[in-house]
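A note on names: the letters A, B, ... follow the listed sequences, proteins ahead of strands, and every chain is numbered from 1.
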Amino acid sequence: MQRFLVDAVEFMPILLLGVKLTIMVTVGSLVLSTVLGLVWALMRVSGVRALSGTAIVIVNVIRGIPIIVQLFYIYFVLPEFGITLTALEASIIGLGIAYSAYQSENFRAGIEAIDRGQIEAAHSIGMGWVLTMRRVVLPQAVKIVLPPYGNIMIMMLKDSSQASTITVAELALQGKLIASSTFKNMTVFTLVAALYLAMSIPLILMVGWLEKRFGRK
Amino acid sequence: MSDATAMIVLTDVHKSFGAHHVIRGFSAHVEKGEVVCVIGPSGSGKSTILRCINGLEGYDRGEIEVDGMAVDRADRSIVAIRAKVSMVFQRFNLFPHRTALENVVEGPIYVKKEPREEAVERGRALLARVGLADKEHAYPAALSGGQQQRVAIARALAMQPKAILFDEPTSSLDPELVGEVLAVMRSLAEEGMTMIVVTHEMGFAKEVADRVLFLDQGVIAEAGKARELLTNPRNPRTQDFLRRVLHPL
């Protein structure tokens with residue numbers, strides 16, 4: 001046990017560097033996937049056939065390709081077309097796009113759950129599509145969408161470890177590097193697991209708080 | 001073709017849902033200040049006609065004019081038309097995430113861009129007018145059906161419309177709550193509001209309406225002065241319908 005603590009104190013600063021990158025990747029791709037997911041979802045429910053068709057194709061292509069392959073594509077293939085990104089940028093964009101498909105399906109479910117009669121009532125007082133979305137549909141859809149959104153946030157935190165495959169030295173990769181050079185597998189991976197868990201707990205609490213905040217009305 | 005006193009004019013309107021030809025040549029005109037009740041068996045197209053007038057449904061053929069403007073739901077003018085003709089729905093359709101007062105001022109503030117204080121002041125007056133001054137902070141879920149429908153009427157009035165369309169406004173209310181909604185509608189009629197009311201309340205139609213249209217299978221089977229048509233219908237189908245509505249047993 002004492003040995004574990006001594007090692008932990010030694011490894012922690014390096015692992016915390018990884019934590020910093022993990023947080024950057026997670027937050028960055030969370031923001032990007034939320035924005036893109038909302039765009040796909042709104043295109044899908046727009047009632048304009050060209051837009052909804054495009055959204056269906058985009059979502060299904062993204063869903064049908066493994067995240068790791070999307071990351072390889074963005075990091076290793078795009079440079080051949082003159083688009084060179086840092087590993088961090090590529091991982092944020094890759095995970096953001098990959099997760100936008102799931103975000104979009106979640107948002108769409110929330111939007112479509114709103115009673116048709118309310119949309120008609122909004123139209124009947126002269127609201128156009130944008131105003132109806134902003135004032136009537138989305139404020140109510142938020143409540144429906146939040147619990148699965150919390151799930152997605154936690155999945156993204158864990159899937160940020162896939163950024164290690166394109167050399168981002170986030171928590172999982174830092175752990176692997178330390179473990180392979182010190183052979184202290186148990187100490188290192190226990191710490192790594194504990195750090196992921198420590199990061200997901202605030203997310204879980206935040207979703208609970210948001211649900212309370214938006215749910216009681 | 002639209003004369004100076006006509007508020008809503010429908011000319012040979014046709015509407016199909018798929019292969020189902022619901023409205024088969026509907027023509028009518030409603031004068032300013034007139035109260036017209038539309039009655040008829042379910043599936044006769046009563047609601048559909050109302051929904052065509054404010055563009056919630058499109059129509060396939062014919063013409064609809066509101067206050068001199070052609071109704072075309074694909075055109076931007078539909079927003080202006082909807083501001084002129086409000087609608088009250090069978091199932092109230094209040095916004096559940098907003099209080100009674102917020103429901104009422106939503107249109108004035110966000111569609112008509114009125115200053116908030118002005119809209120709120122008028123909104124309060126409208127809630128008082130429908131007898132709900134003390135409920136302005138209540139959410140729809142905390143209101144009875146009759147109260148919700150009265151808020152919905154206040155919401156429609158808040159747009160300062162030239163006409164209001166009522167789509168079976170009392171059909172989903174418990175019987176003891178029907179009266180409070182009809183009373184509000186009657187007072188509107190007395191003040192000269194132009195109203196088209198789809199209803200099964202024959203008492204209301206007889207007392208309040210100027211004219212009654214009996215709609216059957218997508219066409220007007222009989223039209224006339226309310227009292228006359230309801231007490232002395234000529235068309236055998238109207239007679240049969242009224243007999244079944246007034247004496248269900």
Side-chain angles (χ1 to χ4, degrees), chain A residues 38 41-53 106-150 207-217, chain B residues 47 50-51 53-57 73-99 102-113 119 137-142 148 151-152 154-161 164-167 172:
Chain A
L38 196 56
L42 289 174
M43 282 168 69
R44 179 76 189 268
V45 300
S46 65
V48 180
R49 195 170 291 182
L51 289 180
S52 61
N106 181 27
F107 293 152
R108 182 169 71 91
I111 289 168
E112 287 179 348
I114 304 304
D115 177 27
R116 181 84 214 145
Q118 284 189 48
I119 295 166
E120 293 190 341
H123 289 166
S124 81
I125 56 170
M127 288 190 174
W129 191 86
V130 174
L131 206 49
T132 302
M133 276 293 157
R134 186 162 72 79
R135 296 289 307 167
V136 177
V137 176
L138 293 180
Q140 296 184 73
V142 165
K143 289 183 224 173
I144 301 165
V145 157
L146 264 179
Y149 187 81
V207 175
W209 179 80
L210 285 172
E211 274 177 50
K212 250 193 214 124
R213 164 105 217 289
F214 287 96
R216 305 252 179 279
K217 265 204 175 174
Chain B
S47 294
L50 281 198
R51 295 162 58 80
I53 293 173
N54 74 348
L56 286 181
E57 298 284 357
R73 69 197 297 259
D75 192 85
R76 288 191 80 81
S77 63
I78 195 66
V79 173
I81 288 171
R82 284 170 177 160
K84 285 183 195 213
V85 282
S86 294
M87 184 147 181
V88 173
F89 298 87
Q90 180 177 351
R91 292 185 52 245
F92 331 132
N93 295 351
L94 292 181
F95 306 130
H97 57 308
R98 307 207 184 280
T99 64
E102 286 169 346
N103 265 280
V104 175
V105 299
E106 183 76 15
I109 292 176
Y110 291 94
V111 178
K112 297 183 107 180
K113 314 269 188 229
H137 299 300
Y139 285 94
Q148 288 189 52
V151 173
R155 176 173 69 180
L157 287 171
M159 295 303 287
Q160 299 181 304
I164 304 185
L165 311 173
F166 292 86
D167 187 6
S172 52

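For B:Arg76, no part sits under 4.5 Å from any heavy atom of chain A, backbone or side chain. Of the two parts of B:Val88, neither the backbone nor the side chain holds a non-hydrogen atom closer than 4.5 Å to a non-hydrogen atom of chain A. Contact annotation for B:Phe89: only side-chain heavy atoms (C-beta onward) come within less than 4.5 Å of a heavy atom of chain A. Neither the backbone nor the side chain of B:Leu165 comes within less than 4.5 Å of any heavy atom in chain A. Contacts between B:Met87 and chain A at a heavy-atom distance below 4.5 Å involve backbone atoms as well as side-chain atoms.
The shortest side-chain heavy-atom distance between B:Ser172 and B:Phe92 falls under the 4.5 Å cut-off. Counting only heavy atoms from C-beta outward, the side chains of A:Phe107 and A:Val142 never approach each other to under 4.5 Å.
Rounded to the nearest 0.5 angstrom, B:Arg155 CZ and B:Phe95 CZ are separated by 4.5 Å. Atom-to-atom distance recorded for A:Ile144:CD1 and A:Asn106:CG is 10.0 Å, nearest 0.5 angstrom.
Atom CZ of B:Arg91 has 12 or fewer heavy atoms from other residues, nucleotides or ligands within 6.0 Å.
Residues of residues 116-124 of chain A lying under 4.5 angstrom from chain B, judged on non-hydrogen atoms, are A:Gly117, A:Gln118, A:Glu120, A:Ala121, A:Ala122, A:His123, A:Ser124 in numerical order.
Nearest approach of B:Val111 to A:Gly126, heavy atoms of both residues: CG1-O, 3.7 Å. Nearest heavy-atom pair, A:Ala141 versus A:Ile111, reported as atom, atom and distance to 0.1 Å: CB-N, 4.0 Å. Nearest heavy atom pair, residue B:Ala119 against residue B:Ile109, reads CB-CG1, 3.6 Å.
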